[in-house]
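Have a look at the structure below, then the notes.
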Amino acid sequence: MNIGITCYPTYGGSGVVASELGKALALKGHTIHFISYALPFRLNHFIENIVFHEVEMSNYPLFEFPLYSLALASKMVEVVKYEKLDLLHVHYAIPHATSAYLAKQMLKEETDIKVITTLHGTDITLVGLEPSFLPLVKFSIEQSDGVTAVSRFLKEKTLTNYNIEKDIEVIPNFIDTNLFKPCEKTCCTKRIAPKNEKLLVHTSNFRQVKRVADTIRILEKVKKEVPCKLLLIGDGPDRSECERLSRELGLYDDVKFLGKQEGLVEILNAADVFLIPSQSESFGLSALEAMSCGLPVVSSSVGGLPELVAHNECGYIAEIGDIDRMAKYVVDLLTNEKKYKLFSENARNRAVEKFEISKIVPMYEQYYEDILNK
Ligand code: GMT
């Protein structure tokens with residue numbers, strides 16, 4: 001198939017999923033055309049049947065706000081027409097599903113290009129609900145030829161929040177378990193944990209929904225029982241506030257802010273427990289990456305997290321903000337070697353059995369076929 005993929009190209013789960021899907025489809029022989037304003041950051045190796053089409057933006061002074069959605073629609077039209085695409089697969093509804101709808105209308109005399117929209121999270125649960133976007137998101141979802149959601153939770157939220165009656169296919173996120181796998185500690189943590197302290201880890205874009213401050217408060221409690229440190233990977237608006245909190249709690253030496261990092265597999269393998277106390281999380285790709293490396297996860301019970309983290313098997317889930325309980329769970333894991341080993345194995349097995357890339361990519365291929373033959 002000849003497939004156009006649009007996604008946000010920078011740091012973030014939906015861009016990771018779209019890029020990894022594109023790469024996997026290309027390796028299976030499909031031709032993939034990425035259409036975005038920058039090269040998606042995971043496309044770091046040459047694959048001959050992946051082409052990137054950059055959406056160029058004009059700086060005309062009259063346009064106080066960049067008209068990206070429109071420029072994207074024009075680029076989509078050009079690529080569909082000249083590269084003879086079979087379908088457009090857009091990730092994150094705003095504005096990608098709307099641009100694709102516009103492109104579809106512009107092309108309708110020549111071809112009936114099919115549009116598939118994959119919903120990822122805040123496009124539905126947060127930004128999409130703002131009055132300035134809600135009608136547009138609802139319309140763009142309804143007009144898509146096919147819609148997928150990354151969890152059952154997200155599907156239900158979409159149907160109820162937007163009062164939509166439409167088939168939405170749940171296709172969960174996936175992981176390359178040959179890449180994200182348990183291995184000997186290769187990264188040196190002597191400076192971070194000189195006394196072999198246990199390591200808690202969290203990765204995110206440090207936005208409010210992630211509740212990163214909770215991870216610091218969890219560390220404060222766990223530290224009273226087990227010597228440990230916290231690794232915080234990533235960056236974003238809440239980072240300064242978290243740095244301030246760790247100083248205020250006298251934990252600045254115990255919380256290591258590592259910023260954005262490339263060597264995630266090494267870092268995860270150096271750590272013991274993954275924390276994800278989010279306010280809202282439609283899937284939790286970062287938790288899946290950790291599970292695939294054999295890390296038990298302690299999470300909040302929101303959104304799609306209970307579909308991913310099997311409670312009392314490969315981790316524990318607790319109410320949002322229940323720091324005491326989350327800390328207790330972490331202590332339980334770090335002080336019971338037998339349980340830790342079992343949960344670590346369960347986490348890895350669950351990633352392999354339910355979310356391995358080679359099992360999920362055929363679900364997208366089948367869905368593409370279904371939509372094209374509808
Ligand atoms: O919504 C976001 O926070 C951004 C979004 C993204 O584009 O990175 O993340 C969402 O999509 C990921 C990939 O499907 C999911 O793993 C995340 O759970 C989801 N984030 C939220 O729901 C907060």
Side-chain angles (χ1 to χ4, degrees), residues 5-22 24 34 36-38 40-42 89-97 116-130 133 137 141 147-158 161 168-176 180 202-212 214-215 233-239 260 264 274-292 297 299-309 315 317 320 351 354-355 357 360-361 363-364:
I5 294 184
T6 288
C7 63
Y8 283 106
T10 47
Y11 213 57
S14 62
V16 171
V17 171
S19 316
E20 295 298 341
L21 174 63
F34 279 94
S36 191
Y37 60 82
F41 74 102
R42 285 276 180 115
H89 184 181
V90 300
H91 292 258
Y92 204 90
I94 310 169
H96 303 147
I116 293 175
T117 299
T118 289
L119 309 170
H120 280 274
T122 48
D123 46 353
I124 293 302
T125 57
L126 207 68
V127 204
L129 292 174
E130 287 177 14
F133 287 125
V137 172
I141 291 172
V147 180
T148 78
V150 297
S151 60
R152 292 195 298 277
F153 157 82
L154 193 60
K155 171 180 172 170
E156 291 312 319
K157 271 276 166 239
T158 308
N161 284 356
I168 297 183
E169 184 86 357
V170 175
I171 304 184
N173 286 336
F174 52 82
I175 189 84
D176 181 346
F180 283 83
H202 167 82
T203 65
S204 77
N205 45 19
F206 282 63
R207 283 176 310 152
Q208 229 182 343
V209 281
K210 302 291 174 180
R211 295 182 68 101
V212 185
D214 283 8
T215 66
I233 322 293
D235 215 326
D238 278 6
R239 176 165 169 183
K260 293 178 183 174
L264 203 52
F274 188 83
L275 302 177
I276 178 164
S278 308
Q279 179 88 31
S280 161
E281 200 69 66
S282 68
F283 182 86
L285 187 60
S286 57
L288 176 58
E289 290 172 342
M291 285 166 62
S292 191
V297 172
S299 82
S300 60
S301 56
V302 298
L305 284 171
E307 295 170 48
L308 174 65
V309 183
I317 54 182
I320 305 172
K354 299 247 181 234
F355 303 103
I357 187 168
I360 307 297
V361 171
M363 292 167 78
Y364 276 110

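In listed order, ligands and their atoms are each counted from 1. Just so we're clear, the structure is a prediction, and the values are computed from it rather than from any experiment.
Shown here is E307, whose CD atom has more than 12 heavy atoms of other residues, nucleotides or ligands within 6.0 Å.
In this structure, F180 has its ring center no closer than 6.0 Å to that of F355.
In this structure, the side chain of Y8 does not engage the main chain of S14 through any donor-acceptor pair within 3.5 Å. No donor-acceptor pair under 3.5 Å is formed between the side chain of D214 and the backbone N or O of V212.
Remark: E281 engages K210 in a salt bridge, criterion side-chain N to carboxylate O under 4.0 Å.
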For this session: Check step by step if side-chain hydrogen bond (donor to acceptor under 3.5 Å, both in side chains) holds for S282 and S151.
Result: CA-CA 6 Å; S282 68; S151 60; 5.1 Å; no
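Around ligand 1, the residues contributing at least one heavy atom under 4.0 Å from the ligand are G12, G13, S14, Y92, H120, G121, T122, V150, N173, R207, S280, E281, S282, F283, G284, L285.
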